[in-house]
Every structure is written in structure tokens, then in C-alpha cells.
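We name chains A, B, ... by the order of the sequence lines, and we start the count at 1 in each one. Side chains included, hydrogens not; waters and symmetry mates left out as well; all remaining heavy atoms used.
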2 protein chains.
Amino acid sequence: MGMNVSTSVLRRLNIEALLRHAFTSGTFTAAEAMDATSLTRATVLGLCDELTAAGWIEEVEDSRTAGLSRRGRPARRHRLRSGAGLVIGVDAGRSGYRAMAADLRGTVLATGRRELDPDVVDRELRISTVQDLVREVREASASAAPLLVTVIGIPAPVDTRGRSPIDVGTFWRLMNSGFPEHLAGRVVVENDANLSALAEHGLHPEANMAALLVGERVGAGLIVDGRLLHGALGGAGEMRFLETVLQDDIGAEGVGSLARRWTREGLAAGRESPLLAALPAESLTAVDVFAAAQAGDALARDVLDRIGERIARIAAILVSLLGIERIVLAGAVASSLEPVLVRAREVLPDIAYAPFPELVASGLGRDAVVRGAIEHALSCLREDPLELLELLEPAELPDSP
Amino acid sequence: MGMNVSTSVLRRLNIEALLRHAFTSGTFTAAEAMDATSLTRATVLGLCDELTAAGWIEEVEDSRTAGLSRRGRPARRHRLRSGAGLVIGVDAGRSGYRAMAADLRGTVLATGRRELDPDVVDRELRISTVQDLVREVREASASAAPLLVTVIGIPAPVDTRGRSPIDVGTFWRLMNSGFPEHLAGRVVVENDANLSALAEHGLHPEANMAALLVGERVGAGLIVDGRLLHGALGGAGEMRFLETVLQDDIGAEGVGSLARRWTREGLAAGRESPLLAALPAESLTAVDVFAAAQAGDALARDVLDRIGERIARIAAILVSLLGIERIVLAGAVASSLEPVLVRAREVLPDIAYAPFPELVASGLGRDAVVRGAIEHALSCLREDPLELLELLEPAELPDSP
DNA sequence: CTGGTAAATTCAGTTGCTAGATTTAATGCT
DNA sequence: AGCATTAAATCTAGCAACTGAATTTACCAG
């Protein structure tokens with residue numbers, strides 16, 4: 001059809017504003033959109049009709065049927081058509097991948113996962129695994145909607161342009177396996193801790209917050225003044241400095257690693273711990289330590305306390321240097337972290353100044369990164385709805401369904 | 001005078017784009033503006049005429065007279081009229097104020113200063129001093145141009161909205177003395193270290209850099225991903241965490257303070273230092289220590305080395321946690337800091353990982369904050385040229401020629 | 001003086017918004 | 001049932017402001 005190729009600047013601007021309103025608010029009336037876009041009713045309704053015809057929004061029950069108004073002519077109501085597009089989030093971790101497909105309202109339609117041998121260094125394999133997984137969740141989502149954005153979280157620094165630095169080994173390069181070139185549509189690569197931060201930010205928006213991804217290593221996703229930080233070479237949130245600053249050689253080791261290390265050291269130093277001593281030292285995990293502490297084991301409790309103190313130190317730095325108000329600990333062990341956090345909150349007043357940051361454990365568990373990926377995909381859309389709309393334009397916008 | 005009150009959205013947008021181009025590029029031709037704004041020649045020239053009539057831009061010698069083109073009809077050239085507006089920057093320090101007035105191209109037209117007793121706690125006095133000083137530099141600038149923006153740098157945390165937290169004492173509140181309510185026009189309050197960072201950023205733009213203001217206390221201005229960080233309560237750049245992290249009670253003490261402290265401690269511990277021991281302990285300053293080190297005094301050199309090591313620790317944290325690439329040390333002592341920086345660069349490889357940040361001393365000396373204030377004022381204009389244009393509109397933009 | 005180049009100017013044509021009048025949809029009161 | 005009331009949708013003319021193309025201007029070189 002005769003859809004003008006170079007749609008006027010103004011028109012684009014207005015469509016964008018309306019679409020953004022549709023993304024942010026749920027269902028909306030013309031009057032609300034008029035407030036949001038400062039356009040006339042005539043214009044808003046005209047655009048709504050067009051967007052409806054194009055399939056981006058849909059008309060829902062009017063305000064009276066919905067019980068929202070009593071007098072006067074009922075207002076027509078529209079909302080973003082959740083099925084207008086699909087987004088996919090992938091947590092491309094070291095030892096396994098998780099993916100989710102969601103609609104435009106963030107409703108998860110399908111999930112999938114793959115295990116990977118963390119020690120196998122095979123770029124091709126990682127790429128094809130992600131390709132497979134994306135195809136799988138897309139099919140499982142049973143949605144004919146076009147795939148708008150795919151966000152991939154990787155355990156390596158990522159700069160504002162999605163690139164990872166060349167590290168001494170090949171690890172980062174392996175993790176950031178050039179996904180955009182090997183997947184269809186718009187692909188965004190982001191650091192995993194950053195995505196956790198976005199996930200938590202989505203649940204509880206706060207302008208200055210951090211997510212600490214505490215698995216085998218600690219990595220932070222930092223949100224300051226409402227924006228995610230990347231830094232040179234994507235280095236923001238890197239925690240190696242702890243090594244020299246805290247004058248030990250522990251550095252950025254995470255909860256898993258520290259729990260094992262300090263338990264072994266304690267046992268080697270002859271500490272009594274019937275529960276932990278009974279376990280084979282080689283297969284000892286953080287989960288065992290948490291369980292032992294729960295059961296009252298003194299060594300286990302000490303270990304968790306030390307971990308809590310370390311978290312508190314990190315918190316003290318983040319709150320002072322960056323004005324962080326809320327720190328969320330995420331990762332597989334997040335749900336067990338409460339005893340660690342209790343200790344951290346306890347010592348914080350001794351090593352930092354008020355106001356202290358809120359210290360909480362993530363409720364998202366293993367899904368934090370994937371959820372963040374979905375969240376990020378949706379916020380890309382919210383920020384620039386037109387760009388995406390144009391990505392598909394060839395087939396789109398012609399005739400009403 | 002029939003200028004439509006609600007000038008069309010599109011028109012505003014285009015004027016803004018053109019004005020921004022005028023701010024960023026120096027002199028420009030219609031063709032350049034067409035590229036920048038993606039408008040037609042007809043439109044660009046129309047807007048140029050209007051803006052010229054309104055006094056915001058001016059026509060300068062054409063491209064042939066300027067020797068820029070040989071063939072064809074010479075292109076008309078325009079540029080921002082530097083005299084169209086005035087900006088003022090103030091460094092409202094604890095013990096004295098400095099101010100500068102500059103035109104729209106950043107050329108300094110006048111400077112002024114006032115000394116203040118740092119121990120006098122008098123809000124009214126501080127306000128009236130700034131009012132005086134602003135009036136003084138404005139008059140000294142001999143410019144009839146309207147004052148568009150005044151930026152004031154203060155030694156207290158300032159959040160994104162220009163507010164300082166209520167501290168335990170009244171110091172911060174005293175520093176942030178509600179200037180916007182007591183000065184004419186648009187007034188922006190910003191932290192002094194942040195302004196130093198902007199000053200350095202203006203001279204040598206780098207997306208990830210920090211300014212360390214090292215006077216009696218250390219404070220950092222942090223620029224990450226090209227943006228200044230503020231954090232909750234304006235706390236970003238706060239260095240108190242050093243106190244507990246480095247396990248000493250020195251905390252955020254600056255070069256001046258540390259030089260005195262460590263020299264006294266050295267002397268008290270019986271270190272030999274004919275040069276420094278000769279000076280009265282009470283009036284000893286950092287300048288004396290720098291001079292002694294220059295003259296070969298061993299104690300003085302040790303003190304400077306220790307300061308250098310401390311700077312290196314801070315650098316190690318900033319580069320790792322935030323991906324900072326360049327750290328500029330600013331403040332009154334900046335010009336003497338080279339020996340400190342030499343030591344800092346020397347130890348950095350031992351306590352941090354490559355790539356190391358560039359460590360340099362500011363060349364701006366005592367003017368760093370005021371310069372940053374001017375820089376910030378101009379970038380406010382660059383970001384949103386229309387807002388300012390509208391602030392004065394009453395007399396402006398009346399009839400078409 | 002003429003041809004060539006590159007810009008400025010002019011002007012009709014078009015887009016897409018706004019403002020205001022009119023119409024429509026529903027309820028409540030008499 | 002009929003009519004007033006409310007609030008929205010729709011229709012219409014009017015207009016601002018941009019684009020595109022044709023035309024004119026400015027200047028140089030030969």
C-alpha cells in the first residue's frame with residue numbers, strides 16, 4: 001500500500017510518543033494519551049486507528065464496560081498488543097545456558113536450558129547452542145509474533161557497544177562469541193551482573209542500586225542516577241581491586257569459593273566441626289556450609305559471618321563512592337543468603353557512615369540474569385519503539401486484519 | 001508582534017537542532033547545517049535568517065572570502081553570536097570564592113575573587129558575597145548580553161537536582177546556601193570535584209575519567225560512560241570509605257593534610273630532616289614538604305612517596321570498579337604533584353591490573369572548579385538551547401523580516 | 001562575453017496538526 | 001418515554017511549516 005516511505009519527522013515523533021505511552025502505561029484512553037503526548041484527541045485517535053490496523057496496539061473493552069466511568073459517553077480504550085512482538089533473553093553462563101521468550105508485556109511464554117561443560121573451549125559450540133536454544137524457546141512460545149530483540153547475558157565485561165575486551169586468555173572472547181552476527185534480528189550483548197541489576201531494578205526501581213552476583217566470583221551490576229554503568233572496556237562492576245585493597249589474595253572470589261576456602265582452612269587449623277568434617281573435602285560446597293550453619297555448626301557460622309563481613313565491606317565502598325542505596329545479592333545461592341546478610345547489616349555501622357544501603361537477597365534465584373535480559377529487551381523497546389517498528393516495516397503496516 | 005504563542009512542535013525541534021549545531025560546530029554553512037539537521041536548504045536558511053534577526057547567530061564572511069571555496073556561488077556562513085549571552089561560573093569554596101564570566105564560546109571576559117574566613121559560619125554572608133561577586137564579574141565583563149546560566153561549585157555533595165543532604169553538622173547546608181533562590185536567572189549548583197572533572201573533560205574528552213580534588217580533603221568527580229555521576233544524596237565521589245577499607249583512620253584526608261601529618265609523625269619518630277625540622281611545626285604546609293623533597297630531603301621524599309602510594313590505591317579502585325581510564329589530580333597543589341604521580345605510577349602495576357589509568361596533574365591550578373563551572377554552563381546550553389532561548393523570549397523573536 | 005559551478009531564492013504542493021462545531025453514546029431525572 | 005447531562009468521537013476547515021523543483025544569483029576561468 002501507499003505507506004509513505006519518508007514519513008514526516010513530526011509524524012514519526014508522535015507515533016513514537018504514543019507507542020511509548022502504550023508501552024509504559026497498560027490500558028489507556030484517548031484522554032490519557034492526550035496528556036502524555038500533548039496531542040489533540042483527533043490526532044491521538046487517528047494514530048490509534050493506524051497502530052491498531054498495523055497490529056501494534058489493540059482496542060479493548062470501553063471504560064464503562066470496564067466499570068471505570070458512570071456518566072457520559074464511554075471512552076474507547078487501547079493497549080499494547082502483547083502478541084505484536086516477541087523478545088528473548090538468554091543467560092549464556094559458563095556452565096550452562098538458560099533462555100526465556102516473553103511477549104511485549106513481559107509475560108514469559110517459554111523457557112529452556114542447556115548444560116555445558118565449563119571447561120570445553122569451543123566457540124562454535126557455544127554459538128550453535130545459543131542458536132538452538134533461541135529457536136527452541138521461540139517455537140515453544142507458540143507465537144507467530146516477530147522476534148524483536150534478543151538480549152544475551154555473558155560472564156565477561158561488556159562495554160556500551162556490546163564488545164568485550166581481549167583478555168589475557170581467551171575466556172572473555174569465548175564468552176562473547178559474536179552472537180549478533182549469528183542470530184537473526186536485533187541482538188544485544190550485556191554483562192550478566194548488569195542484567196541482574198536490571199532485573200532487580202525492574203522489580204523495585206531505585207535510581208542508585210547495585211546487584212552483586214555472588215557465585216564462584218563476585219561481580220557487580222551498578223546503576224547510578226538511574227543508568228547502568230559500563231566504563232572503559234566494560235570494566236564497571238569489576239571487583240578485582242578487593243585483592244589489593246583488602247590486602248589479601250582473595251580478591252573477587254564469590255560466596256561459593258569463599259565458603260569452601262574458609263571451611264577447609266578452618267578444618268585444617270583443627271577447628272571442631274562434626275558436620276563439615278564428615279563430608280569429603282573435595283566435594284564440599286557452599287550449600288553444605290549453609291546447611292551446617294542452619295544446624296548450628298560453629299565453624300559454618302563463622303564462615304558465613306566472614307562472608308557477611310566481606311559483603312559489608314563491598315557495601316561500604318559502594319555506598320560511599322557511588323551513593324548506592326540498595327544492594328541486591330543475586331545468584332544461585334541467593335535464597336540461602338539471609339544469615340550472611342544479617343551479619344553484613346550488623347557490621348555495616350562499624351565500617352560505614354549512615355545512611356546505610358539496604359541489603360537484600362534477590363528473590364529471582366537462578367533466573368535473575370534471564371529476567372534481566374527480558375527486562376532489558378523491553379526497555380530497549382520502550383526507549384526507542386520506532387526503531388523496532390521500522391525493523392519489520394517491509395511486511396508491516398499495510399492492511400488491517 | 002503576532003508571534004504564535006505555541007510555536008509548533010516541529011518548528012521548535014528544528015530551531016533547537018540548528019541552535020545546537022551552532023553551539024557545537026563553530027562557523028557553519030547551510031550545507032553543513034543541512035547534514036546536521038536533515039532539513040532542506042530552504043528551511044535551514046529560513047531559520048538562520050530568523051535566528052540572526054533574533055540575535056542568536058550572526059552571518060560572517062562567506063566561504064569564498066574566507067578562502068574555503070573556489071568555484072561556484074560562495075556559501076553564506078553563520079556562527080553563534082558569542083555576545084548573545086553570558087554565563088558565569090563560581091567556585092564557592094570554604095575559604096574563598098572565585099568567579100568568571102564568559103561568552104557563549106567560552107571566552108573568559110572577567111574574573112573576580114573574594115576571601116572568606118573558613119571558620120565563620122554565616123549563611124547570609126556567603127549568599128551576599130556570591131551576589132556581589134556575580135554582579136562584579138558581570139559588570140567587569142562589559143557585556144550587555146543577558147545572563148543565561150550561573151553555575152556554582154560547592155564543597156559538599158550535590159545530587160542530580162542540585163540539593164545537598166542535611167549533614168550531621170550544618171556544614172553542607174552552609175555551603176549549599178540556596179543560591180538559586182538568591183540569584184537571578186537559571187542557577188545550577190554542583191559539587192566542586194564534579195566541576196573539576198567537567199573542566200578536564202572539556203580539555204581532553206574521555207568517556208571514563210575522574211578528577212581527584214586533592215586539597216585538605218580528597219573528593220572525586222567521576223565521569224563514566226561520558227556522564228557525571230551523582231548518586232543518592234550526591235554521594236558519588238565521596239572518599240570516606242578509604243578510612244575503613246584501608247584500615248587506617250586517615251580516610252579522605254587530602255595531600256595538604258597528609259603532608260603535614262606524616263611529616264610531623266616522621267619528625268616525632270626522630271627522623272633526620274634538617275630542612276623540615278627547621279620550620280615551626282605549627283605553620284608547616286604541603287608547599288614546604290614539596291620544596292624540601294625537591295631539595296633532596298629524605299623525609300620529605302618519603303612523605304611524598306606515601307602520598308603517591310595512597311593515590312595509586314585510589315586509582316586502583318577507580319579503574320577496577322568503574323573502568324576509569326584517566327585520572328586528573330586537581331587543586332591548588334596540582335602543579336607540584338609530579339613527584340607524587342611518579343611514585344603512584346610506579347606502584348600501580350603492583351596493586352592493579354592492566355590497562356592502567358593515565359595519571360596526570362591538572363594544568364588548571366586553582367581555576368579548575370571555576371573553569372568547570374563555565375564548561376558546565378555551556379554544556380547546559382548545548383544540551384537544551386531552546387530552554388534558555390525561551391527564558392528570555394518576552395522581547396525576542398517578534399516579527400518576520 | 002560566455003560557460004560552468006555551486007549556492008540562494010522562490011513558490012507551488014503536501015503533510016499532518018489544531019480548533020471548534022457537530023454528532024454519538026450512555027445515564028439519570030421527571 | 002422523553003429530555004437534560006456528561007463525556008467522548010468524529011468531522012471540517014484552516015493553517016503552519018516543510019519539501020522539491022525550478023529559477024535566479026554570485027563568482028571564476030578562459
Side-chain angles (χ1 to χ4, degrees), chain A residues 1-19 27-53 57 59-78 386 397, chain B residues 2-19 27-53 57 59-78 386 397 399-401:
Chain A
M1 289 270 281
M3 190 66 185
N4 193 341
V5 182
S6 72
T7 320
S8 109
V9 178
L10 185 52
R11 193 180 159 68
R12 289 167 54 94
L13 211 72
N14 290 341
I15 292 182
E16 188 172 353
L18 185 56
L19 222 36
T27 312
F28 63 95
T29 64
E32 285 159 17
M34 286 164 67
D35 284 349
T37 61
S38 62
L39 291 169
T40 318
R41 165 171 265 107
T43 313
V44 165
L45 287 169
L47 292 178
C48 281
D49 286 347
E50 278 183 69
L51 289 175
T52 305
I57 63 177
E59 191 164 355
V60 295
E61 55 172 9
D62 66 61
S63 64
R64 190 184 309 276
T65 323
L68 296 171
S69 68
R70 328 215 104 266
R71 295 172 308 211
R73 176 171 176 171
R76 292 168 59 189
R77 289 160 74 237
H78 295 265
L386 258 189
L397 285 170
Chain B
M3 191 65 185
N4 193 340
V5 180
S6 70
T7 320
S8 112
V9 178
L10 184 51
R11 195 181 158 68
R12 289 167 53 95
L13 211 73
N14 289 342
I15 292 182
E16 187 172 352
L18 186 55
L19 223 36
T27 311
F28 63 95
T29 64
E32 285 159 18
M34 286 164 67
D35 284 349
T37 62
S38 61
L39 291 169
T40 317
R41 165 169 267 109
T43 314
V44 165
L45 287 170
L47 291 178
C48 281
D49 286 346
E50 278 182 70
L51 289 174
T52 305
I57 63 176
E59 190 163 353
V60 295
E61 54 171 12
D62 67 61
S63 65
R64 191 183 310 274
T65 323
L68 297 171
S69 69
R70 329 216 102 267
R71 293 171 309 212
R73 178 172 176 170
R76 292 168 59 188
R77 289 159 75 236
H78 295 265
L386 259 190
L397 283 173
D399 35 58
S400 38

Colleague: Flag the pair Thr65(B) / Pro74(B) as yes when at least one side-chain heavy-atom distance between them is below 4.5 Å, and no otherwise.
Modeller: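 Thr65(B) does not reach Pro74(B) side chain to side chain.
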Colleague: Please pick, from dA8(D), dC17(C), dA7(C), the nucleotide with the shortest atom-to-atom distance to any side-chain atom of Leu10(A).
Modeller: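 In terms of side-chain proximity for Leu10(A), the closest of dA8(D), dC17(C), dA7(C) is dC17(C).
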Colleague: Given atom CZ of Arg73(B) and atom C1' of dA26(D), what is their separation to the nearest angstrom?
Modeller: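 Distance check: Arg73(B) CZ to dA26(D) C1' gives 5 Å.
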Colleague: At under 4.0 Å between heavy atoms, what does Asp62(B) touch on the DNA or RNA strands: base, sugar-phosphate, or nothing?
Modeller: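 The residue Asp62(B) makes no contact with any strand.
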Colleague: In whole angstrom, what separates Leu13(A)'s CG from dA17(D)'s P?
Modeller: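 So the CG-P distance, Leu13(A) to dA17(D), works out to 15 Å.
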Colleague: May I ask you to evaluate whether Arg76(A) reaches the phosphate of dT10(D), defined as a side-chain N or O under 4.0 Å from OP1 or OP2?
Modeller: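 Looking at the OP1 and OP2 atoms of dT10(D), one of them is under 4.0 Å from a side-chain N or O of Arg76(A).
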Colleague: Output yes when at least one side-chain N/O atom of Arg71(B) is less than 4.0 Å from OP1 or OP2 of dC28(D), else no.
Modeller: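 Checking Arg71(B) against dC28(D): no side-chain N or O falls below 4.0 Å of OP1 or OP2.
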Colleague: Can you tell me which nucleotide in dA7(D), dA16(D), dT15(C) comes closest to the side chain of Ser8(A)?
Modeller: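 Side chain of Ser8(A) sits closest to dT15(C).
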Colleague: Under the criterion side-chain contact (heavy atoms from CB on, under 4.5 Å), which of Val60(B), Leu45(B), Asp62(B), Thr29(B) is the partner of Arg76(B)?
Modeller: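 Single pass found, and it is Leu45(B).
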Colleague: Side chains of Thr43(A) and Thr37(A): closer than 4.5 Å at any heavy-atom pair?
Modeller: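 A side-chain contact under 4.5 Å is absent here.
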Colleague: Quick one: CD on Glu59(B) to OG1 on Thr52(B), what's the gap to the nearest 0.5 Å?
Modeller: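 Answer rounded to 0.5 Å: 6.5 Å.
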Colleague: Do Asp35(A) and Phe28(A) have side-chain heavy atoms sitting under 4.5 Å apart?
Modeller: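 The answer is no, as the side chains (C-beta and beyond) never meet within the 4.5 Å cut-off.
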Colleague: Counting only heavy atoms and a strict 4.0 angstrom limit, can you tell me which residues of residues 30-46 of chain A come near DNA chain D?
Modeller: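 Ala30(A), Arg41(A), Ala42(A), Leu45(A) - these, ordered by number, are the residues of the stretch whose heavy atoms sit under 4.0 Å from the strand.
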Colleague: Could you state the CG-C1' distance from Leu18(A) to dC17(C), rounded to the nearest angstrom?
Modeller: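 The distance from CG of Leu18(A) to C1' of dC17(C) comes to 15 Å, rounded to the nearest Å.
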Colleague: Do Leu51(A) and His78(A) come within less than 4.5 Å of each other through their side chains, counting heavy atoms only?
Modeller: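 No, their side chains stay 4.5 Å or more apart.
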Colleague: Within the pair Arg11(B) and dA17(D), is there a side-chain N or O less than 4.0 Å away from OP1 or OP2?
Modeller: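 So the side chain of Arg11(B) is within the cut-off, an N or O lying under 4.0 Å from OP1 or OP2 of dA17(D).
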Colleague: Without decimals, in angstroms, what is the distance between Asp49(A) CG and dC17(C) P?
Modeller: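 Roughly 13 Å, once rounded to whole Å.
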Colleague: Within a strict 4.5 Å, meaning less than it, do heavy atoms of the Leu18(B) and Leu39(B) side chains meet?
Modeller: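 Not touching, per the 4.5 Å side-chain cut-off.
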Colleague: Does OP1 or OP2 of dC17(C) have a side-chain N or O of Asn14(A) closer than 4.0 Å?
Modeller: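 Asn14(A) to dC17(C) OP1/OP2: side-chain N or O found under 4.0 Å.
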Colleague: Could you pick out which residue, Pro74(A) or Leu47(A), lies toward the 5' side of DNA chain C when each is mapped onto its nearest nucleotide?
Modeller: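 Its nearest nucleotide lies further toward 5', so the answer is Leu47(A).
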